[in-house]
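Only heavy atoms go into these numbers, but all of them, side chains included; no hydrogens, no water, no symmetry mates.
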Amino acid sequence: MAIPANAAAASLSFPVINMENLETEERGAAMEVIRDACENWGFFELLNHGISHELMDEVERVSKAHYAACQEEQFKEFAARTLEAGEQGADVKDVDWESTFFVRHLPASNLANLPDLDHHYRQLMKQFASEIEKLAEKVLDLLCQNLGLEQGYLKRAFAGSKGPTFGTKVSSYPPCPRPDLVDGLRAHTDAGGVILLFQDDQVSGLQLLKDGAWVDVPPMRHAVVVNIGDQLEVITNGRYKSVMHRVLTRPDGNRMSIASFYNPGADAVIFPAPALVAAAGAAERNEGEEGTAVYPRFVFEDYMDLYLRHKFEAKEPRFKAMKADAAPIATA
């Protein structure tokens, strides 16, 4: 049965946080919006986040120009093949109507090795990544405060032996004359930690699944969309939720998406935070009783290996498989 789009959940207000309010008497209300967003939406949008509008405008301009100059013709060939197959009756729901490239920032950058990027674009992406990285770490600090964890806990949990994994997926979702045949990006949760998205403010398409209905993530000028990845669900022992989301195709408009993934390092050991397990036990049972870790302990790289084979499937079997395969993991 198809999941309805924008049903009852559409009447709810999508969570938006003006970060300037975090420095005023409105801080408490803003933190409550963050709590509700992480527990019940898996997404929220940030305004006045500290990244200059001029930088964002230039990143958007150059990214769109790069697609037109370097990727559009190749995408048109893919589009023609996909539409022909779909119109002849083939199932093309297992492909994505997108044109992408990936910039790796940490632990080592691949920016210098990417073809077709001129010097200005490389420098621009380096600057933008630096700003997004700082914002991601600021968000993690806010989540620590929200959860009652000691400051820096989440950043340390992601660190592994070489620090976090951090990269940016630059995507274009061109117009599609047959939106009924193919999605821009199939429904999935994100495997990693915290994801920060700079999306097109003129062309919509991103939706999340809430309460059984697809809900639009509203485009907002100069906003940064934040969503919770699977690893934060594990670390918070299910208090925060990663949620299914997708990108729809549209018959008009070329949607830009620049998504930066601040993830654990490959060898980081991920497990529910003991303080949150204990807090859940105290809240749900008698004071002083130990809580239960609902999620397994695993190495992030092992989870990613599984995720890459089952990305467009429900997350719960992945968590169950990691629990079944769990072996003792050495700790320092």
Side-chain angles (χ1 to χ4, degrees), residues 9 11-52 131-159 164 189-190 192-199 206 208 210-211 215-243 245 259-264 270 272-284 291 294-295:
S11 63
L12 301 176
S13 178
F14 190 90
V16 178
I17 296 95
N18 180 346
M19 293 192 73
E20 289 182 346
N21 290 345
L22 294 167
E23 308 302 324
T24 72
E25 66 277 4
E26 298 295 321
R27 179 181 177 84
M31 292 296 284
E32 174 58 21
V33 174
I34 293 174
R35 182 204 62 75
D36 178 67
C38 293
E39 294 182 7
N40 298 308
W41 291 78
F43 274 74
F44 55 92
E45 292 197 59
L46 297 175
L47 299 175
N48 297 315
H49 39 65
I51 301 177
S52 81
E131 295 297 314
I132 285 286
E133 181 185 0
K134 287 187 287 188
L135 181 58
E137 293 179 350
K138 186 180 297 184
V139 168
L140 289 180
D141 283 343
L142 289 170
L143 300 187
C144 282
Q145 295 170 37
N146 203 279
L147 291 161
L149 294 171
E150 63 184 37
Q151 202 71 352
Y153 181 92
L154 291 173
K155 184 177 178 180
R156 291 193 299 273
F158 283 15
T189 66
D190 287 326
V194 62
I195 299 86
L196 287 82
L197 168 67
F198 171 30
Q199 68 168 342
L206 178 61
L208 64 90
K210 178 171 171 55
D211 302 328
V215 180
D216 291 334
V217 178
M220 299 179 68
R221 186 73 174 157
H222 297 133
V224 171
V225 178
V226 178
N227 72 281
I228 301 298
D230 292 349
Q231 306 313 299
L232 279 180
E233 179 168 333
V234 172
I235 292 171
T236 64
N237 203 34
R239 182 166 160 184
Y240 288 178
K241 302 292 186 184
S242 63
V243 301
H245 51 284
S260 296
F261 300 81
Y262 191 101
N263 291 344
I270 303 300
L276 298 181
V277 174
E284 296 175 8
V294 180
Y295 296 80

Here the pair of heavy atoms bringing Ala136 nearest to Tyr262 is CB-CD1, 3.7 Å
State whether the number of non-hydrogen atoms from other residues, nucleotides or ligands found under 6.0 Å of Lys241 atom NZ is greater than 12. yes
Between CH2 of Trp41 and CD1 of Ile34, what distance do you get to the nearest 0.5 Å? 15.5 Å
The reported gap from NZ in Lys138 to CD in Glu133 (rounded to nearest 0.5 angstrom) is 13.0 Å
Just how far is it from atom CG of Leu208 to atom NE2 of His245, taken to the nearest 0.5 Å? 9.0 Å
Check: Asn237 side chain, Pro272 main-chain N or O, donor-acceptor pair, under 3.5 Å: no
Do Val243 and Ile228 make a side-chain contact, defined as non-hydrogen atoms from C-beta onward lying under 4.5 Å apart? no
Between Asn48 (side chain) and Glu20 (backbone), is there a donor-acceptor pair under 3.5 Å? no
Phe44 versus Asp36: any side-chain heavy-atom pair under 4.5 Å? no
Could you state the interatomic distance from CG (Asp141) to CG (Asn146), rounded to the nearest 0.5 Å? 12.5 Å
Is the backbone N or O of Met220 less than 3.5 Å from a side-chain atom of His222, with the two atoms forming a donor-acceptor pair by type? no
Is there a side-chain contact between His49 and Ile17 in this structure, where contact means two heavy atoms from C-beta onward sitting under 4.5 Å apart? no
Do any N or O atoms from the side chain of Glu233 and from the backbone of Ser242 form a donor-acceptor pair under 3.5 angstrom? yes
For Ile270 and Ala157, the nearest pair of non-hydrogen atoms, with its separation, is CD1-O, 3.9 Å
Would you say that Asp230 contacts Asp190 through its side chain, given a criterion of any heavy-atom pair below 4.5 Å between the two side chains? no
For Pro218 and Glu45, the nearest pair of non-hydrogen atoms, with its separation, is O-OE2, 2.6 Å
Residue pair Met31 / Leu142, side-chain heavy-atom distance below 4.5 Å: yes
Residues Lys134 and Glu131 bridged, charged N to O under 4.0 Å: yes
Heavy-atom closest contact (Phe158 atom, Val194 atom, distance): CE2-N, 4.4 Å
Using every non-hydrogen atom in the two residues, find where Pro264 and Gly193 come nearest and quote the distance to one decimal. CD-N, 4.1 Å
Check whether any side-chain heavy atom of Lys155 lies under 4.5 Å from a side-chain heavy atom of Cys144, and answer yes or no. no
Return the minimal non-hydrogen interatomic distance between Asn263 and Gly192, and the atom names on each side. OD1-CA, 3.2 Å
I need the single residue from Tyr240, Tyr153, Tyr295 that forms a side-chain contact (heavy atoms from CB on, under 4.5 Å) with Ile235. Which is it? Tyr153
Pairwise distance CG(Leu196) to CG(Leu46) - rounded to 0.5 angstrom: 7.0 Å
Drop me the distance from Leu276's CG to Leu147's CG, to the nearest 0.5 angstrom. 5.5 Å
Can you tell if the side chain of Met19 reaches within under 4.5 Å of the side chain of Leu135, non-hydrogen atoms only? yes
I'd like to check Phe43 versus Val225 (side-chain heavy atoms, cut-off strictly below 4.5 Å). Are they in contact? yes
